[in-house]
A.B. asks: 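Below is one structure. I have some questions about it.
Letters A, B, ... mirror the listed sequences (proteins, then strands); counts begin at 1.
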Amino acid sequence: MQLNGMRNYILLCTGLLISSMIYSQENGAGYKKRVLDATEVDFLSSYYKQDGNNASVTGGVGTEKLTDVTPTIVVSMPLNDDDVLTVDVGISTYTSASSSNLDPFDSSGASGGEEDEYDGSGKANGAITGSPWVASSGASFQDTWGNIGINYSHSSDDRNNVWGANASFSTEYDYTSIGFGGSYTRLFNEKNTEITLKGQVYLDTWSPRYPTELDSYVDAGSNLNNGFFDGVDILDQNGQIIDKSGNSGAIWSPVTGFELINNKSRNSYSLSVSLSQILSKNAQVSLFFDLVQQQGWLGNPMQRVYFGDRDNHYIGNAQNIPNYTSSSNTDVFQLADDIERLPNTRFKVPIGIRLNYFINETISLRTYYRYYFDSWGVNAHTANVEVPIKLTDRFTIYPTYRYYTQTAADYFAPFEQNLSTQQYYTSDFDLSKFNAHQYGMGVSYTDVFTKFKVWKLGLKSIDLRYNQYNRSTGLKANIISGGFKFVLD
Amino acid sequence: MKKLLIVMLIGGSLTSCVTVKEYEKVNINDPDMKLAAHPIERFEINFQVYREGASGGNGGKTGGGCGCN
């Protein structure tokens, strides 16, 4: 009797265990793979260099030389089976000839000498000069952008729901940004289909810096015999020194009604939707679109505008005025009419598709297309193709090509072609009509066994990429990026 | 709006594709098949946001965070 009772008990337990296992398998709630097995540390960096002839700080003419280095560390930590915390810390330190010409009259720039500089005390000394084609070495010549971002994600037990939240803070000398957002991803159809909703907010603030002659004009109380302008000769288009009192002939001044910016905020709100679908054992696709609304000061207070319907005035060498737009001009600078003025709202919509195809064990195909339009009149197409080729089980190369084309913003016109009667204007060639070709090659080394160790970190992968970017406006850029991924033992 | 409707229509039709079982996803799960930019591409996307009028739709910034567009 006792034996029968024990047998029934064992049968009952076995039945319950099997039922439980079947239930668990059907619901995916049994064995649960960790979302992230171990802490991962990514050391990333890039070196970027560009040059061109349409600097926006100097109104659409002048050197665009710029270099930028961006060391970054990204640490992803599993908090438990379901939760991952990612911390992303990086800086971007750049030198820019264009930005340096916020104050083109710096002693180390075109003006050269020790006694002819504007020393920031409100008065310029001696015969100062400047040029949009020569970098100065003032405070705006170099800057460092710093950023910290934190992202938290939580996955449900069946891994069919993922919630995310993020916050970020970044700062540079004339700009700070606070960002936060959230996302929700739902997988279904046996994880063949995935929908993601994401919302993001950036609350940014300008600490505006202005072209020297414009804020000096305000500081001098609109008196050209005061402050920065005291003792400085101003030339007209013919190279003649003007009477700054205004008693005989026209004098230079910014555009009528000129004022520094009073709305220093720039806020961005975005909603992103994406749908991913596995099409076959070898193909998958993703469709996405963003809705972005920006509000606030959307121009850049550093960027000069010169109007075609106003008299031109200069500081520097009169003989070089006829060569002003040539790089041979090293010592004369045209005084600005205004900074760029743009609407205080902008609505942007990028719509895109990614399609990846696994051709065979050696070659895959990664494609990307985006159509973009916004309320400023910019329409753009972007197409990208990448062909990963596995050379060995550890080495893969990535030849890539990207094509980009855009129409001009409604408010863009080149140097001296905007009119003072317009409400909005810019000579920023990033908003002009152009197309761009980008060619690149990447190489990746992967060791899934992380045999190479540094302290407790095992090297998982190394990535290197090089890209060359050629824009139809003449701007050329090169960027080299590298990354080391380690896994904590 | 018309373009958005076309995208939604294509998206809806894709959900009628065959279902690939978990054990059949060996190729789909290859790291190079990931439907996102490579992490190291962040730097390229960043300079493109500065140098081009368009932004967003690629996991990068849609505006904000820097003095660019």
A.B. asks: Under a plain distance cut-off of 3.5 Å, with no hydrogens placed, do Thr70(A) and Ser46(A) share a side-chain donor-acceptor pair?
C.D. replies: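 Yes, Thr70(A) and Ser46(A) have a side-chain donor paired with an acceptor closer than 3.5 Å.
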A.B. asks: Which answer fits Lys390(A), side chain, backbone, both or neither, if we ask what part of it has an atom under 4.5 Å from a heavy atom of chain B?
C.D. replies: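 Contact with chain B is through the side chain of Lys390(A) alone.
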A.B. asks: Could you pull out all residues at least two apart from Thr72(A) that satisfy side chain to side chain contact (heavy atoms under 4.5 Å, CB included)?
C.D. replies: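 So Thr72(A) forms a side chain to side chain contact (heavy atoms under 4.5 Å, CB included) with Leu44(A), Val74(A), Asp88(A), Arg42(B), Phe43(B).
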A.B. asks: Of the backbone (N, CA, C, O) and the side chain (C-beta and beyond), which part of Thr446(A) lies under 4.5 Å from a heavy atom of chain B, both, or neither?
C.D. replies: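 For Thr446(A), there is no contact with chain B at all, as no heavy atom is under 4.5 Å.
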A.B. asks: Contact part of Gln50(A) toward chain B, heavy-atom cut-off under 4.5 Å: side chain, backbone, both or neither?
C.D. replies: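 The side chain, not the backbone.
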A.B. asks: Under a 4.5 Å heavy-atom cutoff, which of Ala283(A), Ser432(A), Ser274(A) has the most pairs with chain B?
C.D. replies: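 So the answer, after comparing Ala283(A), Ser432(A), Ser274(A), is Ala283(A).
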A.B. asks: Would you say the ring centroid of Tyr369(A) lies under 6.0 angstrom from that of Tyr371(A)?
C.D. replies: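 Not close enough - the centres of the two rings lie 6.0 Å or further apart.
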A.B. asks: Using non-hydrogen atoms and a 4.5 Å limit, figure out which bit of Asp32(B) sits close to chain A: side chain, backbone, both or neither.
C.D. replies: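 Both parts, heavy atoms under 4.5 Å.
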A.B. asks: For chain B, find which of Ala477(A), Gly179(A), Ser286(A) contributes the most heavy-atom pairs closer than 4.5 angstrom.
C.D. replies: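 Of the options given, most contacts go to Ser286(A).
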A.B. asks: Measure distances from Tyr372(A) to the heavy atoms of chain B and classify the residue's part below 4.5 Å as side chain, backbone, both or neither.
C.D. replies: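 For Tyr372(A), the contact with chain B is made by the side chain alone.
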A.B. asks: Name the region of Gln284(A), side chain, backbone, both or neither, that has any atom closer than 4.5 Å to a heavy atom of chain B.
C.D. replies: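 Both parts, backbone and side chain.
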A.B. asks: Select, from Tyr48(A), Phe169(A), Trp376(A), Tyr357(A), the one with the greatest count of heavy-atom pairs under 4.5 Å involving chain B.
C.D. replies: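 Most heavy-atom pairs within the cutoff with chain B belong to Tyr48(A).
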A.B. asks: Heavy atoms only, distances under 4.5 angstrom: which of Val378(A), Asn467(A), Asp463(A) has the most pairs with chain B? Name it, please.
C.D. replies: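 Looking at each option in turn, the highest pair count goes to Asn467(A).
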A.B. asks: Return the option, out of Val26(B), Asp30(B), Leu35(B), with the maximum number of heavy-atom pairs under 4.5 Å with chain A.
C.D. replies: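 It is Leu35(B).
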A.B. asks: List in chain and number order the residues that pass side chain to side chain contact (heavy atoms under 4.5 Å, CB included) with Ser168(A), two or more places apart in sequence or in another chain; answer none if no residue qualifies.
C.D. replies: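 Per chain and number, Ser168(A) pairs via side chain to side chain contact (heavy atoms under 4.5 Å, CB included) with Asn147(A), Tyr202(A).
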A.B. asks: Take atom CD1 in Ile178(A); do more than 12 heavy atoms of anything else shown fall under 6.0 Å from it?
C.D. replies: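 No, CD1 of Ile178(A) has 12 or fewer neighbouring heavy atoms, counting only those of other groups under 6.0 Å.
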A.B. asks: Under a plain distance cut-off of 3.5 Å, with no hydrogens placed, do Ser92(A) and Asp68(A) share a side-chain donor-acceptor pair?
C.D. replies: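 Indeed, the side chains of Asp68(A) and Ser92(A) share at least one donor-acceptor pair under 3.5 Å.
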A.B. asks: So which of Arg471(A), Arg366(A), Glu386(A) has the biggest tally of heavy-atom pairs under 4.5 Å with chain B?
C.D. replies: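 Counting heavy-atom pairs under 4.5 Å, the top option is Arg366(A).
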A.B. asks: Where does the angle between the aromatic ring planes of Tyr368(A) and Phe288(A) fall among parallel (under 30°), tilted (30 to 60°) and perpendicular (over 60°)?
C.D. replies: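 Answer is parallel, since the angle falls under 30°.
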A.B. asks: Is there a donor in the side chain of Asn384(A) and an acceptor in the side chain of Tyr404(A), or the other way round, less than 3.5 Å apart?
C.D. replies: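 Per modelled atom types, Asn384(A) and Tyr404(A) side chains form no pair under 3.5 Å.
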